[in-house]
Amino acid sequence: MPEGHSVRRLAQQFGDVFSGETLAVSSPQGRFTAGAALLDGQVLTEARAHGKHLFLHFDHAVVLHVHLGLYGAWDFGGDATFRGASSIGAPRKIGESEVFGDARAPAYAGPPEPKGAVRVRLVGRHGWADLRGATTCAAITEAEAQSVLARLGPDPLRNQPGDRARFVQGLQSRKAPIAALLMDQKVIAGVGNVYRAEVLFRQRLDPWLPGNAVPEEAAGLLWDDTAAVMADGVRDGRIITTPASYWAEGAVPPSADDAHYVYKREGLPCRVCAATVGITDLLGRKLYWCPGCQSP
DNA sequence: GATTAATGCTAAA
DNA sequence: TTAGCCTTAATCT
């Protein structure tokens with residue numbers, strides 16, 4: 001259940017532990033057998049993330065394209081060398097995809113029997129990775145990978161020159177509510193339901209404000225804040241949008257309850273103005289906002 | 001033990 | 001517009 005920060009961490013992880021290695025690729029579940037055969041025995045050259053899309057590039061110009069969707073996940077395991085190379089490290093928050101089975105595992109003796117429906121398994125010399133539950137798992141060409149990228153908007157975690165202007169332009173050229181546009185991966189890639197709610201609150205923006213009614217300065221600041229808070233997410237391995245002054249005494253890092261301003265806080269008093277945090281359905285997803293802080 | 005909802009999206013209808 | 005992915009944790013009975 002990742003937003004862009006998790007996928008960025010996964011790309012970093014694959015680069016750290018598998019880059020330059022010949023990988024054994026299989027599909028224990030059987031639904032990716034043909035694709036796995038295309039990748040089996042090839043060398044991983046680069047792992048990249050754009051928004052919520054992960055691209056594992058192999059040296060024969062075939063790319064493993066993965067999108068985790070709502071509940072896809074990668075599990076990793078391996079020996080001390082593998083764990084030492086990991087940018088993710090020790091087990092962390094339950095529910096994240098970035099979990100090691102057992103950090104104190106004995107010496108690596110190959111991957112375990114697949115548990116559940118493992119769509120694809122990558123095995124290197126020092127460790128393994130299992131993918132399950134993904135929306136997209138495909139072996140594609142470099143050209144096809146490019147066309148996937150072409151359908152995506154700017155990624156605030158890449159924040160390349162011109163990205164900020166592209167976002168502002170993309171937002172202002174549409175009349176849909178800003179809360180809907182933030183979830184549109186063509187407008188901005190990598191934002192999900194948590195960051196959507198939290199950055200709108202942080203910028204005190206009315207979720208129903210049409211994109212074309214957002215002032216240019218506010219749109220730019222929204223991009224900047226999204227980039228900053230998502231970069232924190234990459235560092236922390238979780239979404240924390242509140243400053244330490246909102247955390248319970250001595251709670252560093254904060255509990256889940258204290259890490260957000262409005263996400264999943266419906267019915268509770270706003271941390272800033274004490275108005276009751278609201279919830280509504282927008283395009284099939286739950287939208288959380290503070291009617292006091294985020295009024296038109 | 002069963003049911004539901006979830007940090008999402010694609011493709012079929 | 002809806003099914004599907006086929007997991008996980010929290011909430012029900």
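Chain letters run A, B, ... following the sequence lines, proteins first and then strands; every chain starts at 1. Values in this document were obtained by computation on a predicted structure and should not be read as measured data.
Between K286(A) and the phosphate of dA6(B), there is a side-chain N or O to OP1/OP2 separation shorter than 4.0 Å. Residue R238(A) places no side-chain N or O under 4.0 Å from the OP1 or OP2 atom of dT7(B). Between R285(A) and dT7(B), a side-chain N or O to OP1/OP2 separation shorter than 4.0 Å is present. Side-chain nitrogen and oxygen atoms of K52(A) include at least one within less than 4.0 Å of the OP1 or OP2 phosphate oxygen of dC9(B).
With distances taken from any side-chain atom of T135(A) to the nucleotides dA6(B), dT7(C), dC5(C), the minimum falls on dC5(C). Distances were taken from every side-chain heavy atom of Q185(A) (C-beta onward) to each of dC5(C), dT10(B), dC9(B); the shortest belongs to dC9(B). Of the candidates dT10(B), dG8(B), dC5(C), the closest approach to any side-chain atom of N193(A) belongs to dG8(B).
Closest approach of V123(A) to R121(A), counting heavy atoms only: CG2-CG, 3.6 Å.
Rounding to whole angstrom units, NZ of residue K264(A) and P of dA6(B) are separated by 6 Å. The CD1-P distance, from I188(A) to dG8(B), rounds to 13 Å in whole Å. In this structure, CG of D236(A) is placed 15 Å from C1' of dT7(B), rounded to the nearest angstrom. Note: CD (E144(A)) to P (dT10(B)) measures 15 Å, nearest angstrom. Summarising the geometry, the separation between NE2 on H67(A) and P on dT7(B) is reported as 14 Å, rounded to the nearest angstrom. To the nearest angstrom, C1' of dT10(B) lies 12 Å from CZ of R31(A). At whole-Å resolution of the value, CG in L54(A) and P in dT7(B) are 21 Å apart. Following rounding to the nearest Å, L70(A) (CG) and dT8(C) (C1') show an atom-to-atom distance of 10 Å.
Among the protein residues, Y263(A) comes within range of the sugar-phosphate backbone only, with heavy atoms under 4.0 Å from sugar or phosphate atoms but none that close to a base. Across all strands, Q29(A) comes closer than 4.0 Å only to sugar-phosphate atoms, never to a base (heavy-atom distances).
A side chain to side chain donor-acceptor pair (under 3.5 Å) check over residues 275-296 of chain A, counting only residues at least two apart or in different chains, returns nothing.
Checked against a 6.0 Å centroid threshold, the rings of Y246(A) and Y261(A) count as neighbours.
Look at the C1' atom in both dT1(C) and dT7(B): the space between them is 24 Å, to the nearest Å. On the P atoms, dC6(C) is 25 Å away from dG1(B), given to the nearest whole Å.
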Name each donor-acceptor pair under 3.5 Å that joins a side chain in residues 207-222 of chain A to protein atoms two or more places apart or in another chain, with its distance.
none

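Taking the charged nitrogens against the carboxylate oxygens, K264(A) and D257(A) have no contact shorter than 4.0 Å, which rules out a salt bridge.
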